[in-house]
There are 2 protein chains.
Amino acid sequence: MERRNEISIGTLANRTGLAVSAIRYYETQGLVAPERNAGGQRRFLRSDIRRLSFVMIAQKFGFTLDRIREVLGRLPEKRTPNANDWSEISKDFRAELDEQIAALTRLRDKLDGCIGCGCLSLDRCALYNPDDVAAEKGSGPRYLLGDEAVRPED
Amino acid sequence: MERRNEISIGTLANRTGLAVSAIRYYETQGLVAPERNAGGQRRFLRSDIRRLSFVMIAQKFGFTLDRIREVLGRLPEKRTPNANDWSEISKDFRAELDEQIAALTRLRDKLDGCIGCGCLSLDRCALYNPDDVAAEKGSGPRYLLGDEAVRPED
DNA sequence: ATAATTCCTAAAGCTAACTTTAGCTCAAGT
DNA sequence: ACTTGAGCTAAAGTTAGCTTTAGGAATTAT
């Protein structure tokens with residue numbers, strides 16, 4: 001039975017649209033921290049619906065779960081977060097989102113210059129300068145673009 | 001020995017800054033198709049330097065290797081691509097990049113509206129409408145955001 | 001002629017963000 | 001009391017984009 005302010009993982013899944021397995025996974029990642037009832041089942045708070053909603057939105061923005069966990073860490077822990085609390089941490093995203101858009105725009109502008117020449121060569125093309133977008137996805141070492149250079153005739 | 005227009009994988013790696021293993025992987029993905037010499041070693045064309053440069057740039061833009069392969073498919077196969085050919089397929093990216101920037105901008109604007117209210121609730125928040133950014137990364141099924149809704153008090 | 005490089009293949013490993021499976025326990029409905 | 005339906009854990013599987021490892025074979029340098 002669900003008590004006034006407690007909901008089961010299934011209910012939470014229905015309300016957020018997330019899969020039950022995803023919610024469990026989020027718990028292992030420290031994004032939610034449900035209590036347990038006598039039988040060992042997870043009991044979430046209703047406010048976790050909004051918490052997970054926030055996670056979903058942040059993901060749309062392309063943030064990683066690690067980063068999202070950090071931001072969530074800035075919510076007050078002693079009381080249930082209110083609209084203003086959510087509003088505050090959303091501003092963090094706003095700034096990063098702006099930077100992302102700016103970076104992508106810079107990249108596009110460089111591409112414009114390069115479409116004219118069709119060069120795309122490592123030493124002369126502006127696209128190779130590393131001030132670009134965040135990058136760093138996948139795994140393992142990503143190589144910085146050095147200037148080993150393409151010879152003019154290549 | 002490398003003949004006039006043929007280079008080894010090591011040379012290609014040096015010229016592009018890519019790891020040898022990455023180049024081999026790109027071959028499995030159909031992004032380059034080197035010939036082999038008598039001893040079974042790969043022989044690339046000098047023009048593959050530019051080809052891989054293009055791949056690297058496209059990745060900066062966030063395109064997947066699958067998508068990049070498609071775009072590369074539009075290059076002429078009978079002759080070595082010239083500046084104009086590269087310029088042409090770059091325009092494809094330009095358009096998609098614009099759309100990406102636009103989508104991210106729309107998302108940011110919605111966030112602006114939401115920062116004011118701090119709602120983030122599934123039924124009323126504009127951030128939940130699915131016109132947003134490309135998404136679809138990671139693996140497995142991603143759930144479309146339905147409107148199961150959060151009740152006002154949640 | 002050798003030693004030192006470079007290259008080759010196949011298979012396994014890695015990260016992120018989850019899902020799927022297997023086997024079992026809890027809780028709810030009748 | 002019993003049968004479903006939820007939930008639980010641990011481990012393995014998935015995708016993308018590569019790297020690492022292992023064990024040989026081809027090249028290049030001396």
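Worth knowing before you read on, the calculation uses all heavy atoms, side chains too, and leaves out hydrogens, waters and symmetry mates. Chain naming here is simple, since letters A, B, ... match the order of the sequence lines and numbering starts at 1 in each. Predicted model, so just to flag it, every value in this text is computed and none were measured.
- Taking only side-chain nitrogens and oxygens, Q59(A) comes nearer than 4.0 Å to OP1 or OP2 of dC18(C).
- Checked by atom type and distance alone, the side chain of D109(B) never pairs as donor or acceptor with a backbone atom of R106(B) at under 3.5 Å.
- Regarding I9(B), its CD1 atom lies at a distance of 15 Å from the C1' atom of dT27(D), rounded to whole Å.
- For residues 31-40 of chain A, every residue pair satisfying the salt bridge (Lys or Arg N to Asp or Glu O under 4.0 Å) rule, not counting sequence neighbours, is listed here: E27(A)-R36(A).
- In this structure, Q41(B) places its CD atom 5 Å from P of dT27(D), rounding to the nearest Å.
- The CD1 atom of I101(A) lies 4.0 Å from the OG1 atom of T105(B); values are rounded to the nearest 0.5 Å.
- Ring planes of F61(B) and F93(B): perpendicular class, angle over 60° (limits at 30 and 60°).
- Near DNA chain D, meaning a heavy atom under 4.0 Å away, the residues from residues 20-33 of chain B are S21(B), A22(B), Y25(B), Y26(B).
- Here dT19(C) presents its C1' atom at 13 Å from CG of L18(A), a figure rounded to the nearest Å.
- When the P atom of dC26(C) is taken as reference, atom CZ of R43(A) falls 13 Å away, rounded to whole Å.
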Notebook entry, point to check: Which is it for S87(B) and S90(B) under the side chain to side chain donor-acceptor pair (under 3.5 Å) test, yes or no, and what are the steps along the way?
Noted result: CA-CA 5 Å; S87(B) 184; S90(B) 296; 6.0 Å; no

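- A close approach under 4.0 Å does occur between a side-chain nitrogen or oxygen of S8(A) and OP1 or OP2 of dG7(D).
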Solution key, residues 17-26 of chain A side-chain donor-acceptor pairs under 3.5 Å, sequence neighbours excluded:
from	atom 1	to	atom 2	distance (Å)
Y26(A)	OH	Q59(A)	OE1	3.1

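- Regarding contacts with the backbone of dC8(C), a side-chain N or O of R42(B) is found under 4.0 angstrom from either OP1 or OP2.
- Going from atom CG of L65(B) over to atom P of dG17(D) covers 4 Å, rounded to whole Å.
- Summarising the geometry, the separation between CZ on R36(A) and C1' on dA6(D) is reported as 14 Å, rounded to the nearest angstrom.
- Phosphate contact (OP1/OP2 of dA27(C), side-chain N/O of N37(A), threshold under 4.0 Å): present.
- Following rounding to the nearest Å, L52(A) (CG) and dA17(C) (P) show an atom-to-atom distance of 15 Å.
- Rounded to an integer number of Å, the gap from E6(A) CD to dA6(D) C1' is 17 Å.
- Toward the 5′ end of DNA chain C lies the nearest nucleotide of G39(B), the other residue of the pair D66(A) and G39(B) mapping further downstream.
- Side-chain contact between D66(A) and E70(A) is absent, with no heavy-atom pair separated by less than 4.5 Å.
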